[in-house]
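Everything below concerns the one structure shown next.
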Amino acid sequence: MWRPRVVLDEDTLAEALRQRGHDVLHVREAGLGRRSDAEVFAQAVRRRRAVMTHNVGDFVRLVAGYGAAGREHFGLILAAQVRFRALLARATRLLSNRDAETLRDAVVWLTD
């Protein structure tokens, strides 16, 4: 079972998730800080990483475009804007219980 590798889209969770053993990069750490959503997603795909974001609309459209074109991606993890501790708990639970293969081409909501 390969653990998911994730790019966090403008989120503050990177360090806290790394401390819990997860392979995550913040967009700035990945050199994508001021890039468009399409560029962030394309780079995540090239790096075989899922994207975790609060930006639901834009990224759902991007994933739909990938699917329509028959292109694979490595997962889209959507998160509502909630308190940091709740978000950290949800993200930790998801990344601890899913492997990279089950995230491939999936769109997943972080929930309680």
Side-chain angles (χ1 to χ4, degrees):
M1 177 166 119
W2 293 333
R3 296 186 75 177
R5 299 170 55 218
V6 179
V7 172
L8 298 174
D9 179 39
E10 300 301 337
D11 215 338
T12 58
L13 291 177
E15 186 58 35
L17 287 170
R18 276 194 293 266
Q19 288 173 359
R20 286 158 176 78
H22 300 291
D23 184 349
V24 297
L25 288 175
H26 186 275
V27 290
R28 285 184 292 254
E29 295 169 322
L32 303 170
R34 294 194 174 236
R35 302 285 176 90
S36 70
D37 294 337
E39 290 176 281
V40 168
F41 197 72
Q43 282 296 321
V45 169
R46 283 187 198 99
R47 297 172 189 198
R48 303 178 67 87
R49 289 182 174 272
V51 171
M52 185 181 302
T53 185
H54 298 295
N55 186 351
V56 175
D58 291 339
F59 280 92
V60 167
R61 281 190 288 281
L62 287 167
V63 166
Y66 269 68
R71 297 170 61 196
E72 75 175 349
H73 62 86
F74 296 90
L76 177 60
I77 303 166
L78 302 171
Q81 299 261 350
V82 296
R83 292 182 184 259
F84 180 83
R85 289 176 63 189
L87 185 59
L88 178 59
R90 292 173 184 183
T92 299
R93 188 170 35 258
L94 178 106
L95 295 176
S96 296
N97 294 320
R98 297 282 299 255
D99 65 14
E101 190 57 37
T102 65
L103 279 177
R104 183 181 296 235
D105 295 322
V107 176
V108 179
W109 274 96
L110 288 181
T111 58
D112 289 330

Val63 vs Phe41, side chain to side chain contact (heavy atoms under 4.5 Å, CB included): CA-CA, chis, key distance, verdict | CA-CA 9 Å; Val63 166; Phe41 197 72; 3.6 Å; yes
Test side chain to side chain contact (heavy atoms under 4.5 Å, CB included) applied to Ile77 and Thr53, step by step = CA-CA 6 Å; Ile77 303 166; Thr53 185; over 6 Å; no
Side chain to side chain contact (heavy atoms under 4.5 Å, CB included) between His26 and Leu32, worked out = CA-CA 9 Å; His26 186 275; Leu32 303 170; over 6 Å; no
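A 4.5 Å side-chain heavy-atom check between His22 and Ser96 finds at least one atom pair inside the cut-off. Between Val108 and Leu110 there is no side-chain heavy-atom pair separated by less than 4.5 Å. Here the side chains of Leu13 and Leu88 are in contact, with some heavy-atom distance below 4.5 Å. No side-chain heavy atom of Arg20 sits under 4.5 Å from any side-chain heavy atom of Leu95. At a threshold of 4.5 Å between non-hydrogen side-chain atoms, the residues Val27 and Val7 count as touching. Between Gln19 and Glu15, the closest side-chain pair of non-hydrogen atoms falls below 4.5 Å. Residues Phe59 and Asp37 have side chains in contact (heavy-atom distance under 4.5 Å, counting atoms from C-beta outward). Between Val6 and Val51 there is no side-chain heavy-atom pair separated by less than 4.5 Å.
Here the CZ atom belonging to Arg5 is positioned 8.0 Å from the CG atom belonging to Leu25, to the nearest 0.5 angstrom.
Counting all heavy atoms, side chain and backbone alike, Ala14 lies closest to Leu8 at N-CD1, 3.2 Å. Taking each heavy atom of Arg3 and Ala100 in turn, the nearest pair found is O-CB, 4.0 Å. A pairwise comparison of heavy atoms in Asp58 and Asn55 identifies OD2-ND2, 3.2 Å as the closest pair. The heavy-atom pair separating Arg49 from Asp23 by the smallest distance is NH2-OD1, 2.9 Å. Heavy-atom minimum distance, Leu87 versus Ala80: CD1-O, 4.4 Å.
A ring-ring contact (aromatic ring centres under 6.0 Å, His included) check over residues 90-110, counting only residues at least two apart or in different chains, returns nothing. Applying the side chain to side chain donor-acceptor pair (under 3.5 Å) test to pairs two or more places apart or on separate chains, those with a residue in residues 71-92 are Tyr66-Arg71, Glu72-Arg104, Arg90-Asp112.
Ion pairing between a basic and an acidic side chain is recognised when a charged N comes within 4.0 Å of a carboxylate O; Glu29 and Arg18 show such pairing.
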